[in-house]
There are 2 protein chains.
Amino acid sequence: MKRPAPTLHDVAIAASVSTATVSRCLNFPDQVAKQTRDKVMSAVESLGYSPNFGAKAMAARRTNTIGAIIPTMENAMFARGLEAFQEELRLHGFTMLVASTSYRPEIEEEQIKSLVARGADGLLLIGHERDPEIYRFLEAQGVPALITWVFDPRSERPSVGFDNRAAMMEMAMKVIEFGHTKLAFISAVTAQNDRASARLNGIQNAMSSAGLNANDLRCIETNYGIEEGAVAFDRLMTNGPRPTAILCGNDVLAVGALRRARELKIAVPQDVSIVGFDDIELAQVAYPPLTTVHVPHREMGRRAGQVLVDHVKNGTPIKSVLLPTRPILRETLAPVKAGS
Amino acid sequence: MKRPAPTLHDVAIAASVSTATVSRCLNFPDQVAKQTRDKVMSAVESLGYSPNFGAKAMAARRTNTIGAIIPTMENAMFARGLEAFQEELRLHGFTMLVASTSYRPEIEEEQIKSLVARGADGLLLIGHERDPEIYRFLEAQGVPALITWVFDPRSERPSVGFDNRAAMMEMAMKVIEFGHTKLAFISAVTAQNDRASARLNGIQNAMSSAGLNANDLRCIETNYGIEEGAVAFDRLMTNGPRPTAILCGNDVLAVGALRRARELKIAVPQDVSIVGFDDIELAQVAYPPLTTVHVPHREMGRRAGQVLVDHVKNGTPIKSVLLPTRPILRETLAPVKAGS
DNA sequence: TTGATAAATGTAATGGCTTACATAAGAAGT
DNA sequence: ACTTCTTATGTAAGCCATTACATTTATCAA
């Protein structure tokens, strides 16, 4: 199907110069005489020539490409951060390659290998938790990787992100301050996901430090999705002791819970408080507007871009960046009802 | 920063075989004796070898890569479609490369060149409208491009998508059936965006065919975003003759309008009807749930993947696919109030 | 004019992989 | 044991750029 694309050589012939001259025209235009340059450029134009990236990468030993591997593009929070990341890269002449893994570690591994093979000069990864083998591989390949969306003070690997545990703990404290003692948590799947488990820990920490028994936390793990949040809410409210406040691992789950509450005619926040995490746009337009933890996704993407580019270009060591989060009180969190 | 990665040659030495054998081990494992294979594989393993994509692509003259260029990842509708597209590609052993353009034609051109240079075997593009020069370039490079998210019966270029005009016309007819005659439209920017202008046409067609004067349509063009929708709504309701129904170019704008309506204490749908387009998740969780045009984004992504892979692999000519859309009546559209 | 210096262009090695073709080693048939 | 096929492996020629170095041409001072 694909017919052979024009090569440097074809252009050289068309312009009756050497390939070196053509290459220089394209990469260092001021090193070649105007007259020659025009000749070459018009040949490039008329042939529709575009340099072969593989050959270029091989000869020049750099690609100006950075790979980003995220769990899913369907999550607005990643989409935002990445958009900012890409903008930052563009500013410095880098191109971003994205791949998504659907939260499957084996696909992540495949994608990492694929991007490395493509000559990515650096990688953006989400979260710390992955097979150590992968870190060894990146090491062997000499490809730097920047961890984001998390900031784990205990990890030796630098990252640009926020402290999931502390952020959720702060929110849980708020909830507890509102008088809630019967808490539940609709969590994302925690296996292979340090963000999700850190958030769970945050709640448990808050409970302990407030003198509650962390074991009393009812917790449901579920996949990502509005419907999933709805189902979890249903289970929480139908079976077992009813919580008065439900924390959710992310806004999407929270919005699902909110929807089911409406369907079940359970008033939010009068009958039950619901809070989310991430503060994506959804949170503001939900009804009632969702109380949630604000995360500066764009800022995170930008900073990650700066740090990574600086490292790849100038060898500046990667330094961790901790970004602040804060609870946003909107309307789905209210003081517990007397008698609950 | 980057220290040299192990090469085929290194592996060959470590396993004391020729590079050809290593290559075969990796690409056609059954052509080499089990004993040799094991030897090679363990060398690959211990060196952390990963083939250099550029070299591979150059030698093999194919990349099994398909590029997708979309306006923005922040729009759930593209994210969804792409996710499905990627899944389909994976099934056939292809990898997807995404790039986004922020709706800027010059960035799109840059991205197209970049992906072609990277050896993409095919491209997925959104909408027909772009500089003819680009189509010529793709032609010269022999890279097939599939147009999606639109289906324009009048275009000679095949596409997999839906008829934006007809879809919006159908919705507008519904609105008119509900007795509305004072219509307004909050549109996405129509310049360089055939989807947006087709949707506008759809409304005008509906008005004309219902005996209304299409010139009476109040129309505001705005950028993409919730806040932008809110602002547009505000302008529409504050200045000039108040419409009784507002159609929006997409759900995000509609949700913005909805939010502002709540803030202004304008009841929806009692005081004004609002309808969206795309049927992303936002639409269902908005309050009240948004009446909108359903577009099968995932299906579209899947079909696009099939068509493109089939073309790239087997040379099957690209045939247009028209996907159905339908108005989803939820709660933001109601009959016009008597006396309005 | 000439010789020296700078500017423009050309020559050819290089990078990592695939693959057609050549060769070597085993299996099978007589 | 000896030829004849297979099967497994090796050899080496590309693929398409970049770039160090060599060469040619232009420029200018003396």
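Below, chain A is the first sequence line, B the second, and so on; all start at residue 1. The figures that follow rest on heavy atoms only: side chains count, while hydrogens, waters and symmetry mates do not.
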Just by distance, do the side chain of [X] and the backbone of [Y] share a donor-acceptor pair under 3.5 Å?
X       : Y       : value
S155(A) : R157(A) : yes
S42(B)  : K39(B)  : yes
D194(B) : E129(B) : yes
T148(A) : L125(A) : yes
T19(B)  : L8(B)   : no
D10(A)  : T7(A)   : yes

- Task: Grab the CD1-C1' distance between I13(B) and dG10(D) for me, whole Å please.
- Result: 15 Å

- Can you give one letter per nucleotide of nucleotides 6-22 of chain C, 5' to 3': B if a protein heavy atom sits under 4.0 Å from the base, S if only from the sugar-phosphate, - if neither? --SBBBB--BBBBB---

- Write down the atom of V44(B), the atom of L26(B), and the distance for their closest heavy-atom approach. CG2-CD1, 4.3 Å

Please list, for nucleotides 23-28 of chain C, all pairs of protein and nucleotide N/O atoms separated by less than 3.5 Å.
none

- Note on the structure: Partner of W149(A) under ring-ring contact (aromatic ring centres under 6.0 Å, His included), picked from F162(A), F78(A), F85(A), is F78(A)

- Between the two ends of the helix from dT1(C)-dA30(D) to dT30(C)-dA1(D), what is the bend in degrees, rounded to 10 degrees, where each end axis spans five pairs? 40°

- Taking atom types as modelled, is there a side-chain donor on S50(B) or Q141(A) under 3.5 Å from an acceptor on the other? no

- Message: If you apply the rule salt bridge (Lys or Arg N to Asp or Glu O under 4.0 Å), what do you find for E299(B) with R302(B), and how did you get there?
- Response: CA-CA 5 Å; E299(B) 171 74 2; R302(B) 241 174 26 80; 3.1 Å; yes

